[in-house]
Amino acid sequence: MSGSTTIDFRAVDNILEKYNYDKSYLIAMLQDVQGIYKYLPEDAMTYIGEKVDGLSPSTVYGVATFYAQFSLEPKGKYEIKVCDGTACHVRGSMPVLNAVRNKLEIKQGKLTSRDGLFSLETVSCLGACGLAPVVMINGKVYPQMTPDAISIVIDTLLKEERGEE
Amino acid sequence: MSENKKTLFIEGKEVEFTDEPNLLEVIRKAGMNVPTFCYRPDLTSFGACRMCVVEVEYPNGRKVINSSCTMPPEANVKVKLNTEKTRRIRKTVLKLLLANHDRKCLTCERSGNCELQMYAQEYGITDIPYADRENFYPVDHSSPSIVRDSNKCILCGACVRACHEYQHSVLGYANRGSKTLVQPMNGRPLAESECVNCGQCVAVCPTGALTINSQIEDVWSEITNPEKKVVVQFAPSVRVAIGEMFGLEPGVNSTEKINAALKELGFDLVFDTNFSADLTIMEEAQEFVTRLTTGGTLPLFTSCCPGWVRWLELEHPDMTEHLSTCKSPQGMMGAIIREYVPQYYKEVTSENLVSVSIMPCTAKKYEITRDELKMKDGRQEVDYVLTTQELGNMIREAGIDFKNIEGRPADSPFGKYSGAGTIFGVSGGVAEAAVRTAYHMVTGEELKNVVINEIRGTNRVKTVELDLKGTKVKVKVVNTLKEAEKCMREIKAGKADYQMLEVMACPGGCINGGGQPLSHNDSNIKEERAEGLYKDDASDKWRKSHENPDIIELYEKHLEKPNSHKAHELLHTSYGNKRKDCYISVGEG
């Protein structure tokens, strides 16, 4: 992972400065870093661990890997979140998830499609149970999904990408 | 506090308590015990393993089950240690731990000495109702000092706490729930991490998840090779601890027994690192006096502890000027053995000489690999380091009756030592020994009261102000790198008023080193070992390094005087910025 992204350590410094190098703001610092890179590069975590008093690289890594909100792998341009909360699950979120996997050829345990355009993850309730099953792509909610419906949504995004609108 | 005595009842027996931090300590003081993996008296209570659960009944009749290591003692409660419920809970805990544990006990380093194995047996776990794990994590053999095997980790967190509370948090938790692991940053190999090899994680690990990187087999093959002449040295604190592995009390001085056992194992020549501790003092005291009188970099940092030296090179490379250029006693002895043993013993040549040292310390295994300590031809001065534990295991393997072996003196001419050399093994000892000789160097007179009580004992921070006949000197002594960090900040802020700083990375010093016999649940053991060294000092014929006749002879015949050209060539070393070897340097140009 190290080295896959060039890190602008000055940007990280600015973030640390913003929180006064106070270790109790670690989660906020990591959120800000993720805001820049869409994931947490290892070197950025190491850097924070080394610069902030009372932290160490391994303790930062511990926090980053504890919370599901942080990703240690780069995410796609399109972040697909398939809700697998109870309501979505009983109304068929798994077939929707599998449809996305098959369509984008994302193997189980992998986060992103091979071209890096899409990343796929399940989340445990988006708070829209009345619209189950729900999928969210880059913050936009797609209600009452079926395997066919999500396939059409993805096709539309792919067309947009190719500029064929 | 003593007027504040309160009582509670343990198994029906009325027990007094005062300021014990938790119920478990009260139980132990009452002469009883409960099992635990995660509780270590010198570390914060964590309550991770749930083995120490007890039933507590309050005066109002309310009953709770709680872990005794995290429960503050309360007056008038009734505590039951062994009930149907607590037994059931402990058995469940054990079975669940075993479910995920590598079950290849027979070939485990800690077999026979593993707390998980011990409790599983005590609690009659004869069947694990879960399938063995399928996926195994790779074992990290990268470090010269420590082997990390996550498959044997029970997540008790003792190592994480030790690393955090003593040193600088190299080990941490990663992930969550069933995927939790204890590891350095992102599972990087220990050798690439900022680990200083102190081995305190190994010393607190209840299982075989963290073990000493053993060199026993290499040493056996050298001593059984008739072509080789194997020369061995052993460190001050080894003598007051190894007996514990053979039924002797902690602190009993086994110097002569160790000499004899080493000979019986097949080592050709046995020397005492206490001798080179005396030599270190000759050089370091001279260096201190020179810096003091010529405006050199002060405070002078002691350089005996390789964990501390590596930490400084990693975390404060701009401060290495302060370090004494003296090699550690191990390093000095290594150099002396290479240079002079072939001159004194015809059968030993530079080609057939193998140099081994017995240390209380896992970081010493790293020290011998340092580029700065290599000979001109690139070879290491000391070939192998065995820890006290490893030597104990070799003695067992050879079937030597250590307890009853007849002692013998070390070989000459590097076998005699003074009391100053022996106290190197305990925090404050190096500074005390240095002061005894520095006093002589500055004033030309002998210090009358050689014992400096202010810097004795296992407290983390100690200071003493001394008057070398008009020259006022303040000495600070700390142990653990947490405390060293505070000193570095003090010095950088210009607030340090001391001229000498002694640092040892392990709490209490080498007597409590990561390679010493395990003393998990007894924090008194290190005090007893320290006492053993102080007793050795008190009973020694010579109390000051410069009185040691072997030292006098070495300077007369070979080295001329402390800090001479020859002494510099053999006994001094250099330091460097080691950040680049480690990921902590990210973002630095």
Side-chain angles (χ1 to χ4, degrees), chain A residues 1-17 21 23-24 26-27 29-30 33 36-37 39-74 108-109 111 121-124, chain B residues 135 140 148 150 155 157 159-190 192-196 201 210 311 314-317 481-482 485-486 488-489 492-493 578-589:
Chain A
M1 250 185 296
S2 171
S4 63
T5 307
T6 317
I7 307 218
D8 176 6
F9 289 102
R10 261 177 307 170
V12 181
D13 280 332
N14 289 340
I15 292 169
L16 299 185
E17 206 118 319
Y21 292 85
K23 69 170 181 178
S24 50
L26 174 59
I27 290 176
M29 294 169 186
L30 292 177
V33 172
I36 301 175
Y37 300 102
Y39 81 109
L40 294 177
E42 179 181 331
D43 284 354
M45 290 187 281
T46 306
Y47 190 77
I48 295 174
E50 196 53 20
K51 292 282 162 188
V52 178
D53 210 13
L55 296 178
S56 74
S58 71
T59 50
V60 174
Y61 187 82
V63 171
T65 53
F66 184 88
Y67 292 104
Q69 61 168 305
F70 295 119
S71 173
L72 270 65
E73 284 176 64
Q108 189 124 24
L111 184 70
E121 61 189 318
T122 59
V123 291
S124 304
Chain B
N135 298 315
D140 179 5
R148 189 176 67 83
S150 287
L155 302 174
C159 56
V160 176
R161 281 172 286 149
C163 200
H164 175 71
E165 290 171 29
Y166 300 149
Q167 321 298 24
H168 59 160
S169 288
V170 178
L171 289 175
Y173 300 103
N175 309 325
R176 187 171 37 152
S178 63
K179 295 195 176 82
T180 308
L181 281 172
V182 167
Q183 58 177 30
M185 172 70 187
N186 198 9
R188 293 298 200 98
L190 272 171
E192 290 171 24
S193 77
E194 69 274 42
C195 172
V196 301
C201 56
L210 288 156
W311 176 82
L314 281 171
E315 298 290 354
H316 299 279
L481 300 175
K482 267 263 140 56
E485 173 66 38
K486 292 180 197 164
M488 294 310 108
R489 290 179 189 201
K492 283 182 179 173
K578 298 281 159 74
R579 286 182 77 79
K580 289 283 172 242
D581 307 345
C582 175
Y583 50 65
I584 57 172
S585 61
V586 291
E588 296 170 7

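Each chain gets a letter, A, B and so on, in the order its sequence line appears, and its residues count up from 1. Everything numeric in this text was worked out from a predicted model, so none of it was measured.
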Original post:
What's the shortest heavy-atom distance between B:A174 and A:Y61, and which atoms?
Top reply: CB-CE2, 3.5 Å

Original post:
Taking side chain as C-beta onward, heavy atoms only, is A:D53 less than 4.5 Å from B:R489?
Top reply: yes

Original post:
Below 4.5 Å, heavy atoms only, C-beta onward: do A:P57 and B:E194 meet side chain to side chain?
Top reply: yes

**OP:** Could you tell me which portion of B:E485 (side chain, backbone, both or neither) has an atom closer than 4.5 angstrom to a non-hydrogen atom of chain A?
**Re:** neither

Subject >> Under 4.5 Å from any heavy atom of chain B - which part of A:A64 >> reply: neither

Original post:
Under the salt bridge (Lys or Arg N to Asp or Glu O under 4.0 Å) test, which residues partner A:E121, sequence neighbours left out?
Top reply: A:K75

Original post:
Could you give the distance from CZ (A:F66) to NZ (B:K179), rounded to the nearest 0.5 Å?
Top reply: 13.0 Å

Original post:
Among B:R579, B:H168, B:E588, which residue forms the greatest number of heavy-atom pairs with chain A at distances under 4.5 Å?
Top reply: B:R579

Subject >> Heavy-atom proximity to chain A below 4.5 Å, by part of B:L181 >> reply: neither

Subject >> Nearest heavy atoms of B:Y583 and A:T46, plus distance in Å >> reply: O-CG2, 3.4 Å

Original post:
Quick one: side-chain hydrogen bond (donor to acceptor under 3.5 Å, both in side chains) partners of A:D8, sequence neighbours excluded?
Top reply: none

**OP:** Look at B:G172, B:S169, B:C163 and state which one has the largest set of heavy-atom pairs under 4.5 Å with chain A.
**Re:** B:S169

Original post:
Got a donor-acceptor contact below 3.5 angstrom from the A:S58 side chain to the B:P184 backbone?
Top reply: no

Subject >> Distance, nearest 0.5 Å, that separates CG of B:N175 from CG of A:L72 >> reply: 8.5 Å

